[in-house]
Amino acid sequence: MTMTSPPKWHLTLYSKADCCLCVDAKVAIQEFAKECPLQLEEVDITSAQSLWDKYRYDIPVLLLNGEEIARHHIGIKKLRVIRKRRGEA
C-alpha cells in the first residue's frame, strides 16, 4: 500500500467574476498543478466587504500556505520561478 503525502502547496486565489487576469491565473495554476501537487482554494472577493476593500484594485492575488506570493499577472513561468526559489525545482 502506498501513501501519498498531502500537497506542499496550498494556494489561495483571491479573484472575482469577469476578471480576465483571474481567468489567466486559474489556467496557469491548472497547468502548474500537472507539475507540482497542490490544493487550490478560490475566494471571491465580492463575498465579503472586507475582502472587496482589501483586494478590489489588486486581483488576482495568490497566497502560498497563507503568504502572498504574487498579484496581478500570474503565469506558469512565475509559478515555476517561485518553486525554484523555494528549492523545489
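Heavy-atom basis, side chains included; hydrogens, waters and symmetry copies ignored.
Of the candidates Arg80, Lys78, Lys77, Phe32 forms a side-chain contact (heavy atoms from CB on, under 4.5 Å) with just one, namely Arg80.
Residue Leu21 comes nearest to Pro60 through the heavy atom pair CB-CD, 3.5 Å, listed as atom of the first residue, atom of the second, then distance. Taking all atoms of both residues into account, the shortest heavy-atom contact from His10 to Glu41 is NE2-OE1, 3.4 Å.
Residue Ser15 holds its OG atom at 5.5 Å from CD of Glu42, rounded to the nearest 0.5 Å. Atom OG1 of Thr12 sits about 8.5 Å away from atom CD of Gln39, to the nearest 0.5 Å. Residue Gln30 holds its CD atom at 10.0 Å from CG of Leu38, rounded to the nearest 0.5 Å. Distance CD1/Ile74 to CG/Leu62: 5.0 Å, rounded to 0.5 Å. To the nearest 0.5 angstrom, Ile69 atom CD1 is 4.5 Å from Leu64 atom CG. Separation of atoms SG (Cys19) and CZ (Arg56) is listed at 15.0 Å; rounding is to 0.5 Å.
Side-chain N or O atoms of Asp58 include none that pairs as donor or acceptor with a backbone N or O of His72 at under 3.5 Å.
Because its NZ or CZ atom is not both nearer than 6.0 Å to the ring centre of Trp9 and within 45° of the ring axis, Arg83 does not count as a cation-pi partner of that residue.
Other residues, nucleotides and ligands place no more than 12 heavy atoms under 6.0 Å from the NE2 atom of His73.
Applying the under-4.5 Å side-chain rule to Ile, Leu, Val, Met, Phe, Trp and Tyr, the cluster around Ile59 extends to Tyr14, Val43, Ile45, Leu51, Trp52, Tyr55, Val61, Leu63.
A salt bridge is absent between Asp44 and Lys16; no separation between the charged side-chain nitrogens and carboxylate oxygens falls under 4.0 Å.
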